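Written below as structure tokens is the structure these notes are about.
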2 protein chains.
Amino acid sequence: MSSCETCVVRNRAICAGLDNQEIVALNAIGRRRSVSAGEPLIWEDDDSLLVANVIDGVLKLTTSTEDGREQIVGVAYPSDFIGRPFGQTSKASVVALTDARVCVFSRNDFDRFARSHPELEHKLLERTLAELDRTRSWMMLLGRKTAPEKIATFLLEMSDRLAETGCTPITRGPAKRFTLPFSRQQVADVLGLTIETVSRQFTKLKNEGVIDLPARRDVEILNRASLVALAG
Amino acid sequence: MSSCETCVVRNRAICAGLDNQEIVALNAIGRRRSVSAGEPLIWEDDDSLLVANVIDGVLKLTTSTEDGREQIVGVAYPSDFIGRPFGQTSKASVVALTDARVCVFSRNDFDRFARSHPELEHKLLERTLAELDRTRSWMMLLGRKTAPEKIATFLLEMSDRLAETGCTPITRGPAKRFTLPFSRQQVADVLGLTIETVSRQFTKLKNEGVIDLPARRDVEILNRASLVALAG
DNA sequence: CGAGGATTTGACCCTCGTCAAGACTTGTGG
DNA sequence: CCACAAGTCTTGACGAGGGTCAAATCCTCG
């Protein structure tokens with residue numbers, strides 16, 4: 001049941017490229033875990049020292065100031081890797097946005113396994129480099145874009161990422177219609193805005209006919225070209 | 001002359017941990033290059049496809065919007081690794097802030113070498129993970145901090161990083177006095193502010209006696225505790 | 001000494017945050 | 001099945017932080 005052979009992300013996560021024998025060994029040190037929406041997997045500053053692969057669902061990575069301001073610094077989709085192996089413990093919380101299933105490892109076990117399996121370390125490196133790229137382009141958004149630009153960029157990114165990780169019915173190309181894994185407050189925390197500004201920008205786009213909002217968390221993109229133009 | 005044996009970052013860069021034979025091989029595919037202040041090493045979107053180690057000096061990593069807004073998404077100090085190995089070419093420019101020396105490799109050569117030297121890939125992975133941590137905490141700053149908080153955080157980070165990379169006379173602990181490798185405009189581009197706001201916040205801190213500004217790019221921290229409190 | 005660039009300072013104003021109220025969802029229990 | 005409550009989202013009024021534009025001042029270097 002909880003075996004890697006049947007895992008849906010077996011060929012997309014960092015486990016891809018491991019042979020059967022290695023998979024068995026990895027299987028031995030990991031275990032599946034379910035996290036329900038809103039439940040934390042890792043607390044900021046905690047030293048539970050675990051890492052994980054996302055099998056299913058969406059999780060947020062956040063940091064906060066002492067006075068409670070929050071910034072979402074990353075979003076993990078199926079096949080993404082979570083946690084901080086090797087040395088440092090990074091101060092970020094991980095909380096499930098939707099019901100999720102993950103494959104967790106103690107950091108020590110994982111570190112040891114990774115160091116003796118270069119192919120896995122390589123996969124992890126590629127993934128980390130890609131995440132760094134994405135994070136840097138998000139810095140551009142946070143530092144230099146206006147609220148309308150932020151919202152447009154966000155919707156386009158959602159449309160792409162939700163499609164590519166198979167979270168929506170449509171299988172090819174960006175999703176035209178999708179369900180956000182975020183509340184309005186969480187959208188605000190991703191974009192460095194307030195909930196009110198997010199709401200206002202959403203309704204503005206709706207009134208202009210660029211998007212439709214059939215339900216609280218549902219978005220349909222009616223005019224992708226406009227969004228691209230607005231994204232700046 | 002340009003050999004790795006005499007390299008000042010030999011034991012701090014990703015080359016640390018390679019034995020002499022490996023170093024010779026790495027030496028064979030790399031070459032030293034000088035970049036003077038203001039000169040680019042990599043253009044956004046270019047496919048020159050090179051990666052590099054910083055030997056000496058400071059460089060900035062930037063992305064820009066079409067209409068010319070710029071965001072500095074990373075700063076590379078001696079022993080830091082620059083560029084995007086494996087697959088993707090990331091769209092960021094690299095420009096020297098000070099006169100700098102780097103050790104460059106064609107990406108293909110480097111990729112091939114790295115894949116056959118797990119120890120080097122591991123070092124690169126650790127470095128990339130650390131950079132991702134730093135980048136994420138910078139997202140918090142860009143998305144959620146006020147201008148005074150940004151400036152205070154920036155000065156503290158400068159004081160730490162310039163000390164640890166040996167860019168200032170003081171060798172132990174954070175630097176009390178240092179020379180910024182940034183112009184005011186570049187500080188603005190790091191913090192997601194305008195040059196005017198940066199200037200005003202600097203003079204405000206000076207008037208309050210928290211810092212002194214003996215010269216254009218020089219900063220002396222008079223009251224570190226205040227800065228920490230202001231950093232939020 | 002003068003020119004050109006960088007920085008500072010000032011005046012103004014716009015975007016977005018704050019505060020507050022109202023509307024819409026969702027869930028619960030009678 | 002409905003009333004009520006609690007949470008989420010939207011809308012409005014207002015103001016402040018920080019951006020914009022413009023001018024003055026300060027370095028730096030030929």
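Proteins get letters first, then strands, A, B, ... in listed order; numbering begins at 1 in each. It should be emphasised that the depicted structure is a prediction, and the values quoted were computed from it without experimental measurement.
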**Request:** Round to the nearest Å and state the distance from A:Arg217 atom CZ to D:dT10 atom C1'.
**Result:** 16 Å
**Message:** Rounded to whole Å, please give me the gap between CZ in B:Phe202 and P in C:dT7.
**Reply:** 10 Å
**Item:** Backbone N/O of B:Val104 and side chain of B:Arg31: donor-acceptor pair under 3.5 Å
**Value:** no
**ring-ring contact (aromatic ring centres under 6.0 Å, His included) against A:Phe81, all qualifying residues, sequence neighbours excluded** = A:Phe110
**Item:** For atom CG of A:Leu97 and atom P of D:dT8, their distance in whole Å
**Value:** 14 Å
**Request:** Report the distance from atom CD of A:Glu196 to atom C1' of C:dG22, rounded to the nearest whole Å.
**Result:** 14 Å
**Asked** Taking five pairs at each end of the helix from C:dC1-D:dG30 to C:dG30-D:dC1, what angle separates the two helix axes (nearest 10°)?
**Response** 40°
**Asked** Is the side chain of B:Lys91 donor-acceptor paired with the backbone N or O of B:Thr63 at a distance under 3.5 Å, no angle test?
**Response** no
**A:Arg107 side-chain N/O to A:Gly83 backbone N/O, donor-acceptor pair under 3.5 Å** = no
**Request:** Please tell me which of the listed nucleotides, C:dT7, D:dC9, D:dT11, lies nearest to the side chain of A:Arg184?
**Result:** D:dC9
**side-chain hydrogen bond (donor to acceptor under 3.5 Å, both in side chains) against A:Arg84, all qualifying residues, sequence neighbours excluded** = B:Asp133
Just the table, please: protein N/O against nucleotides 11-16 of chain C N/O, every pair under 3.5 Å.
residue: C:dC16; atom: OP1; partner: A:Ala147; partner atom: N; Å: 2.8

**Prompt:** Between the side chain of B:Trp138 and the main-chain N/O of B:Gly74, is any donor-acceptor distance below 3.5 Å?
**Reply:** no
**Message:** What contact category does A:Thr203 fall into here, base, sugar-phosphate, or nothing, at under 4.0 angstrom with non-hydrogen atoms?
**Reply:** sugar-phosphate
**Message:** Could you tell me if the side chain of B:Leu180 sits less than 4.5 Å from the side chain of B:Phe154, heavy atoms only?
**Reply:** yes
**Message:** Using the rule side chain to side chain contact (heavy atoms under 4.5 Å, CB included), only one of B:Ile151, B:Thr153, B:Leu191 pairs with B:Lys145; which is it?
**Reply:** B:Thr153
**Message:** Rounded to whole Å, how long is the line connecting atom CD1 of A:Ile195 with atom P of D:dT10?
**Reply:** 8 Å
**Request:** Specify the closest pair of heavy atoms between B:Leu97 and B:Pro181, including all atoms of both residues, with the distance to one decimal.
**Result:** CB-O, 3.5 Å
**Asked** What's the CD-C1' distance between B:Glu149 and C:dG17, to the nearest Å?
**Response** 14 Å
**Prompt:** What is the distance from CZ of A:Arg69 to P of D:dG17, rounded to the nearest Å?
**Reply:** 13 Å
Grab the N/O contacts between the protein and nucleotides 27-30 of chain D below 3.5 Å, and write none if there aren't any.
residue: D:dC27; atom: O4'; partner: B:Arg216; partner atom: NH2; Å: 3.4

**Request:** Nearest whole angstrom, please: distance from the P of C:dT9 to the CG of B:Leu213.
**Result:** 10 Å
**Asked** By salt bridge (charged side-chain N to carboxylate O under 4.0 Å, His left out), which residues pair with B:Glu131, not counting sequence neighbours?
**Response** A:Arg136, B:Arg134
**Request:** Would you sort out whether B:Leu61 and B:Ile82 count as a side chain to side chain contact (heavy atoms under 4.5 Å, CB included), showing the intermediate values?
**Result:** CA-CA 9 Å; B:Leu61 249 154; B:Ile82 288 175; 5.9 Å; no
